[in-house]
Amino acid sequence: MSILRKKPLSIINNIEVFSKLDNYIQNYNTISNKHLKQIKIDQTNPFNNTDFDKIIEKQCDEILNTILINNNSNKKKLKILDAGCGLGNTFKKYTQNFSVYGVDISLDYLNEARNNGLNVILSKIEDLPYKKNTFDFIYISDVLEHVISLYECSTRLIDSLKIGGKIIIRAPYNEDLNVYLDYNEFDYVHLRSINEKNLRLYYERVFGLKAKNFFF
């Protein structure tokens, strides 16, 4: 049975596409192309400190292991969504034991994520095409600071989450956005600053979620 609530707008390289390929998506395709070219040269990320990224990824992996493996006593095959999956590296080791789905707006990233075992589609989070109550667990990392409509993005994510499911949100903490005011390499970069207070107010008051376990 399909977990999709609508048909794709198109199919590119056997990947279903659910968002119009507008300037926003083209902008992030340019970003991902630069990232992938740098990876081929020296395995670094031109937009982030690679050593710091490794520390954060290790912490996230420990959290995921606790939630997905240690607390999954009945070992049922959970449905997982990596919203903004990038290359699919975060969940590639979980694809043997869980059904892992990935969504991103970079076709190049999605090709890599598919090779890493994820079931991928191309879509903005605001256009997420999954049916209600589909996923046991949703992971959204370094995405909320980028999206144009936080409300639409959050609505689609929460609609697709099962009752009692969990969402893990990772984002830059209390980021100073001044650097982006005069930034002109890309049209769209970070659009908002995030901390635990505005996350709690937004998701608890607007959507009725229960927030806990903040890590910095």
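Since we're looking at a predicted model, the values are computed, not measured. Throughout, residue positions are numbered sequentially from 1 according to the sequence presented.
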Who passes side chain to side chain contact (heavy atoms under 4.5 Å, CB included) against [X], sequence neighbours left out?
X	answer
Lys79	Ile3, Ser99, Tyr101, Thr134, Phe135, Asp136
Val143	Ile125, Ile140, Val147
Ile15	Leu107, Leu110, Asn111, Arg114, Val120, Leu122
His146	Tyr24, Tyr28, His190

Can you tell me which residue among Leu144, Val206, Ile194 is in a side-chain contact (heavy atoms from CB on, under 4.5 Å) with Leu150?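 Only one option passes, and that is Leu144.
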Just by distance, do the side chain of Asn27 and the backbone of Tyr188 share a donor-acceptor pair under 3.5 Å?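 It does hold such a pair.
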Test item: Asn195 side-chain N/O and Asn198 main-chain N/O as donor-acceptor pair under 3.5 Å: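 It does hold such a pair.
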So with a 6.0 Å cut-off around [atom1] of [X], is the heavy-atom count from everything else above 12?
X	atom1	value
Ile163	CD1	no
Lys131	NZ	yes
Tyr151	OH	no

For [range], which residue pairs qualify under salt bridge (Lys or Arg N to Asp or Glu O under 4.0 Å), counting only residues two or more places apart or in two chains?
range	value
residues 1-14	none
residues 93-108	Asp61-Lys93
residues 15-31	Asp22-Lys124

Would a 4.5 Å heavy-atom cut-off, applied to side chains only, mark [X] and [Y] as touching?
X	Y	answer
Pro8	Val17	no
Leu21	Ile12	yes
Ser19	Ile105	no
Glu145	Leu191	no
Tyr130	Asp159	no
Ile158	Tyr203	yes
Glu196	Tyr173	yes

Between Glu152 and Arg156, does any NZ, NE, NH1 or NH2 come within less than 4.0 Å of an OD or OE carboxylate oxygen?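 Result for this pair is no, no salt bridge flagged.
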Residue list, salt bridge (Lys or Arg N to Asp or Glu O under 4.0 Å) with Glu204, at least two apart or on another chain: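 Arg200.
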Write out all pairs satisfying ring-ring contact (aromatic ring centres under 6.0 Å, His included) with one or both partners inside residues 102-121, taking only residues at least two apart or from two chains.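 Matches after skipping sequence neighbours: His35-Tyr109.
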What residues, two or more places apart in sequence or in another chain, satisfy side chain to side chain donor-acceptor pair (under 3.5 Å) together with Ser160?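 If we apply the side chain to side chain donor-acceptor pair (under 3.5 Å) test to Ser160, skipping adjacent residues, there are no hits.
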Side chain to side chain donor-acceptor pair (under 3.5 Å) partners for Asn178, two or more places apart: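 By the side chain to side chain donor-acceptor pair (under 3.5 Å) rule, Asn178 matches Asp176.
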Test salt bridge (Lys or Arg N to Asp or Glu O under 4.0 Å) on Arg170 and Asp142 and set out the steps. CA-CA 6 Å; Arg170 171 187 162 186; Asp142 297 316; 3.5 Å; yes
Using the test ring pair (Phe, Tyr, Trp, His ring centres under 6.0 Å), find all partners of Phe91 that sit at least two apart in sequence or belong to another chain.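 Testing Phe91 for ring pair (Phe, Tyr, Trp, His ring centres under 6.0 Å), a comparison that skips the adjacent residues, returns Tyr94, Tyr139.
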